[in-house]
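Reviewing the structure listed below.
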Amino acid sequence: MRIKVKGKLIEKEVQAANYIELWKELFPDRPLPVAVKVDGEVKDIRSEVRGEEVEFLFEEEEALAVLRHSASHLLAQAVLQLYPGTKIGVGPAIENGFYYDFYREEPFTPEDLDRIEGRMKELASQDIEIKREVWPREKAINYFRERGQDFKIELIEEKTQGDVSVYIQGDFVDLCRGPHVPSTGYIKHFKLLSVSAAYWKGDEKRESMQRIYGTAFFKKEDLEAYLNFIQEAKKRDHRRLGKDLELFLVSEEIGPGLILWLPKGALVRSLIEDFWRQEHIRRGYQLVYTPHIADLGLWKISGHLEYYRENMFPPMEKDNLHYQLKPMNCPFHIIMFKSKLRSYRDLPVRWAELGTVYRYERSGVLHGLLRVRGFTQDDAHIFCTPQQMEEEILSTLFFAKDMLSAFGFEDYEIYLSTRPEKFVGTVQMWERAEKALKNALDRSGLPYEIDPGEGVFYGPKIDIKIKDVLGRTWQCSTIQVDFNLPQRFGLYYVGEDGARHTPIMIHRALLGSLERFFGVLIEHYGGAFPLWLAPVQVRVLPITDRNHDYANRIVEALKAEGFRAEADLRNEKLGYKIREGQLQKIPYLLIVGDREEREGRVALRVRGKGDLGAVSLEEFIAQARDKIKNKSTEL
RNA sequence: GCCGACGUAGCUCAGCUGGCAGAGCAGCUGAUUCGUAAUCAGCAGGUCAGGGGUUCGAAUCCCCUCGUCGGCUCCA
């Protein structure tokens with residue numbers, strides 16, 4: 001058999017019955033691996049030796065998932081010991097850790113979590129063996145029934161046929177496919193993080209379980225780094241920064257999920273919008289504006305009234321007319337498309353709008369700028385022929401990429417979502433559109449994954465999730481093909497053949513919504529915007545009252561050059577003004593005292609770099625202007 | 001919408017088993033004129049989220065409503 005150890009292949013005849021023995025045979029002195037990958041499948045190291053190609057896992061992603069899965073079992077074991085009668089649900093490894101779902105009348109408190117974590121540590125230090133056994137179905141059902149573990153019985157009945165595998169560690173038995181680490185002693189560095197509610201099987205009609213989240217790592221440093229990462233993310237929270245930097249406001253008096261853009265945030269927004277408009281015009285889009293409300297009948301035709309009602313604010317009535325606040329911009333663009341006869345020569349038509357929409361999001365899902373009830377989509381609709389579809393998608397992909405990279409986002413995850421179970425249009429149409437999307441993606445050279453069956457009912461789509469500096473992903477850009485609306489509204493164009501054809505409609509948003517994008521942007525930069533976006537680019541700090549005139553003259557000169565500059569003339573010490581300027585994350589602080597005034601220069605202090613000494617104003621302006629022009633993220 | 005936690009000055013938070021609403025920062029006034037992350041002093045600032053109840057007495061205990069937060073579900 002061939003055995004791969006850290007990438008190296010070894011050919012060897014083996015006698016060992018299981019992988020622990022095999023490992024000891026090969027490397028008697030080295031610590032045991034966590035799990036083993038046999039022909040691509042991760043397994044327990046206790047399992048029987050078979051298979052062609054074997055790879056021992058130590059600290060790989062796959063090994064970490066095994067560790068965390070085992071940590072979740074350890075959690076369940078501790079909970080059952082401390083809170084007998086608790087019913088256990090499921091406990092998988094997830095992206096940054098693990099969770100386990102429990103059903104119990106009394107809520108778990110933070111103190112309970114400490115207690116549970118303490119018990120987990122005890123159990124881990126006992127280094128209890130974790131064994132896999134295969135039980136006859138009846139035995140497993142009886143075992144869980146005697147212990148009142150109804151959820152486990154439900155799982156056995158639904159998910160398995162024949163015998164079932166269980167994992168046993170001391171007094172704890174769990175229904176599980178595995179794999180797991182060989183003993184609890186492997187689980188050394190972990191922490192329980194939070195408790196929250198989750199429906200059994202994600203179904204609102206089912207029991208509400210208490211989900212305990214935690215994380216686990218192989219190394220202490222990794223755990224600490226992760227906890228540190230959580231702290232860092234908290235510091236960058238756009239809600240915190242939005243308050244500290246006076247960017248935006250959500251007020252109870254206005255209403256939940258409704259954003260007030262304060263002057264500094266509004267300035268950043270207007271810069272984003274200006275850039276956005278300019279780029280759209282440059283790329284052959286036309287800008288349009290549409291109202292915020294429309295006759296209810298429009299939403300009947302579009303189908304929103306029927307399928308989207310619970311997300312819409314209720315209609316309003318006046319003089320027997322009924323109006324609906326818009327949850328989407330599409331129907332407006334469609335009516336404009338219909339307003340005259342279109343020829344194939346007119347296509348593609350690309351209409352873009354910063355369209356403000358209102359959606360009634362459920363109260364529990366609102367979150368800062370990231371999930372709101374009123375927001376402005378950077379929307380556009382492209383009406384084109386089937387032949388043009390691929391080309392349009394490709395150029396939209398590049399557009400999205402350029403747009404995002406202007407804001408410092410260079411990493412993405414791209415997903416192609418294909419036909420779901422419920423869909424409109426014909427299979428043929430879907431295949432054609434999916435092919436166009438796929439070809440465009442292939443031609444773009446951008447890496448992507450296929451998300452089978454995750455398309456919207458009206459068409460397939462491409463979603464781009466951007467990665468921020470902390471590696472978190474955010475869904476912003478989306479490109480969706482729509483077979484539904486052109487049909488519902490009876491859209492057509494006259495083809496080369498003189499006959500009527502239904503155009504392909506592509507919905508796309510590059511930033512998603514200005515609100516969400518701004519929120520992501522704030523977190524990405526931690527509030528320290530690049531020069532071209534900074535609400536205040538330069539602040540001049542005079543050292544004494546004697547230097548006020550000079551400071552004002554500098555500010556005027558900077559303003560004349562188009563900079564957003566201001567002077568801090570308050571009667572405070574320099575250290576204080578610097579501290580404030582830094583906390584406000586202003587890119588450049590220009591300090592002017594008698595010395596600078598005499599020499600006609602400014603002392604430059606750059607965000608993140610500190611005191612850089614005196615330079616002439618002209619020199620500074622030339623440098624800074626360059627950085628603004630290039631949208632540089634460096635200072 | 002659901003489960004849990006929370007809501008005290010502009011901000012961050014203290015306020016114990018019920019007994020006169022507090023601190024720091026920010027703000028205002030004055031002093032100080034200062035060289036790279038907080039000068040000093042004084043003043044002002046509150047329907048303790050809102051409503052109802054228990055009590056001689058409620059920020060504190062109970063109920064309801066609203067909002068926020070962590071998740072579930074959903075999504076730009």
Side-chain angles (χ1 to χ4, degrees), chain A residues 99 101 103-104 106-110 112 193-213 237 239-240 243-244 246 249-257 308 310-311 327-329 355-357 359-379 456 463-464 474-478 480 507-520 541-548 570-584 589-596 603-607 610-614:
Chain A
Y99 67 77
D101 284 346
Y103 183 83
R104 176 169 173 260
E106 304 75 32
F108 288 117
T109 63
D112 290 335
L193 297 170
S194 65
V195 56
S196 66
Y199 300 109
W200 174 239
K201 293 184 181 163
D203 183 347
E204 282 182 43
K205 295 182 195 79
R206 296 296 308 266
E207 293 86 341
S208 184
M209 316 283 288
Q210 295 188 62
R211 176 169 295 177
I212 297 180
Y213 284 93
D237 190 314
R239 294 167 298 186
R240 175 81 257 144
K243 208 171 241 173
D244 290 348
E246 296 180 22
L249 193 67
V250 186
S251 162
E252 210 171 313
E253 287 168 285
I254 302 295
Y308 205 69
E310 60 185 37
N311 278 302
M328 293 189 187
N329 303 303
T356 303
V357 298
R359 297 183 187 172
Y360 189 83
E361 300 292 347
R362 301 166 102 186
S363 60
V365 307
L366 301 174
H367 182 96
L369 291 172
L370 301 178
R371 194 75 192 276
V372 296
R373 285 188 175 153
F375 57 99
T376 301
Q377 293 181 303
D378 71 313
D379 213 353
V456 204
D463 285 329
I464 304 180
W474 309 89
Q475 141 112 67
C476 292
S477 313
T478 181
Q480 311 183 347
H507 306 257
R508 50 111 280 199
L510 306 181
L511 309 177
S513 79
L514 290 172
E515 284 74 10
R516 177 176 290 181
F517 191 74
F518 189 41
V520 173
L541 314 182
I543 292 175
T544 75
D545 291 355
R546 288 192 300 282
N547 314 115
H548 280 194
R570 292 175 306 168
N571 178 10
E572 294 290 352
K573 286 187 162 175
L574 180 61
Y576 182 85
K577 293 186 187 181
I578 286 174
R579 181 182 149 81
E580 293 239 313
Q582 297 287 9
L583 290 176
Q584 291 294 308
L589 299 178
L590 301 183
I591 290 121
V592 294
D594 294 340
R595 205 157 62 220
E596 285 73 22
L604 176 61
R605 190 185 169 98
V606 180
R607 185 180 67 200
D611 183 5
L612 296 190

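Just so we're on the same page: letters track the sequence lines, and every chain starts at 1.
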Length of the [atom1]-[atom2] vector between [X] and [N], whole Å:
X: A/L249; N: B/U68; atom1: CG; atom2: C1'; result: 14 Å
X: A/E310; N: B/C2; atom1: CD; atom2: P; result: 14 Å
X: A/E572; N: B/A37; atom1: CD; atom2: P; result: 15 Å
X: A/L366; N: B/C66; atom1: CG; atom2: P; result: 14 Å
X: A/L589; N: B/G35; atom1: CG; atom2: P; result: 17 Å
X: A/D545; N: B/A31; atom1: CG; atom2: C1'; result: 13 Å
X: A/H367; N: B/G67; atom1: NE2; atom2: P; result: 17 Å
X: A/I591; N: B/U33; atom1: CD1; atom2: C1'; result: 17 Å

Polar side-chain atom of [X] near backbone of [Y] as donor-acceptor pair, under 3.5 Å:
X: A/R508; Y: A/D378; answer: yes
X: A/R359; Y: A/P327; answer: yes
X: A/K243; Y: A/L249; answer: no

Which whole number of Å gives the distance between the [atom1] atom of [N] and that of [M]?
N: B/C48; M: B/G30; atom1: P; result: 33 Å
N: B/A26; M: B/G10; atom1: C1'; result: 7 Å
N: B/C20; M: B/A59; atom1: C1'; result: 14 Å
N: B/A21; M: B/A37; atom1: C1'; result: 34 Å
N: B/G22; M: B/C62; atom1: P; result: 25 Å
N: B/C66; M: B/A49; atom1: C1'; result: 8 Å
N: B/A58; M: B/G19; atom1: P; result: 11 Å
N: B/G7; M: B/U12; atom1: C1'; result: 14 Å

Check whether any side-chain N or O of [X] sits under 4.0 Å from OP1 or OP2 of [N], and answer yes or no.
X: A/R371; N: B/A76; result: no
X: A/R570; N: B/A38; result: no
X: A/H548; N: B/U33; result: no
X: A/R546; N: B/C34; result: yes
X: A/Y213; N: B/C72; result: yes
X: A/S363; N: B/G1; result: yes
X: A/R359; N: B/C74; result: no

Could you please spell out the steps behind the side-chain contact (heavy atoms from CB on, under 4.5 Å) verdict for A/M209 and A/R104?
CA-CA 8 Å; A/M209 316 283 288; A/R104 176 169 173 260; over 6 Å; no
To the side chain of [X], which of [options] is closest?
X: A/L574; options: B/A76, B/C3, B/U36; value: B/U36
X: A/S208; options: B/C3, B/U73, B/U68; value: B/C3
X: A/Y576; options: B/C66, B/A38, B/G70; value: B/A38
X: A/E596; options: B/G35, B/A76, B/U12; value: B/G35
X: A/T478; options: B/G70, B/A76, B/C72; value: B/A76
X: A/D594; options: B/G35, B/U33, B/U12; value: B/G35
X: A/R579; options: B/A76, B/A38, B/U73; value: B/A38
X: A/K243; options: B/G70, B/A76, B/U12; value: B/U12
X: A/L583; options: B/A37, B/G70, B/U36; value: B/A37
X: A/Q475; options: B/A76, B/U12, B/C72; value: B/A76

Tell me whether the side-chain N or O atoms of A/Y199 pair up with the base of B/G71 as donor and acceptor below 3.5 Å, since no angle test is needed here.
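Such a pair does not exist between side chain and base.
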Under the 3.5 Å rule, do the base of B/C75 and the side chain of A/R516 count as making a donor-acceptor pair?
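Donor-acceptor pair under 3.5 Å: yes.
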Is the closest basic N to carboxylate O distance between A/R362 and A/E310 below 4.0 Å?
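No.
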Carboxylate-amine/guanidinium proximity below 4.0 Å for A/R239 and A/D237
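Result for this pair is yes, salt bridge flagged.
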Looking at every strand, decide which applies to [X] at a 4.0 Å heavy-atom threshold: base, sugar-phosphate, or nothing.
X: A/G364; result: base
X: A/R362; result: base
X: A/E361; result: base
X: A/R240; result: sugar-phosphate
X: A/G593; result: base
X: A/R595; result: base
X: A/V250; result: nothing

Looking at A/Y360, I'd like to know if the NZ or CZ of A/R373 sits under 6.0 Å from its six-membered ring centre while staying within 45 degrees of the ring's axis.
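So A/R373 does make the cation-pi contact.
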Ring centres within less than 5.5 Å and planes less than 30° apart: is that true of A/F375 and B/A76 in this structure?
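A stacking contact exists, since A/F375 sits close and nearly parallel to the base ring of B/A76.
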Would you mind pulling out the nucleotide paired to [N], Watson-Crick or G-U wobble, both distances under 3.5 Å?
N: B/G4; answer: B/C69
N: B/G57; answer: none
N: B/G18; answer: none
N: B/U39; answer: B/A31

According to salt bridge (charged side-chain N to carboxylate O under 4.0 Å, His left out), who are the partners of A/R211, at least two apart in sequence or on a separate chain?
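Salt bridge (charged side-chain N to carboxylate O under 4.0 Å, His left out) check on A/R211 returns A/D101.
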Non-neighbouring partners of A/R579 that pass salt bridge (charged side-chain N to carboxylate O under 4.0 Å, His left out), sequence neighbours left out:
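Partners of A/R579 by the salt bridge (charged side-chain N to carboxylate O under 4.0 Å, His left out) criterion come out as none, since no residue qualifies.
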Nearest-nucleotide comparison on RNA chain B, the residue closer to the 5′ end among A/Q210 and A/I578
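The residue mapped nearer the 5' terminus is A/Q210.
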Between A/I543 and A/E580, which residue's closest nucleotide on RNA chain B lies nearer the 5′ terminus?
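Per heavy-atom nearest nucleotide, the more 5' residue is A/E580.
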Do A/Y576 and A/R570 touch side chain to side chain, with heavy atoms closer than 4.5 Å?
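Side-chain contact under 4.5 Å: yes.
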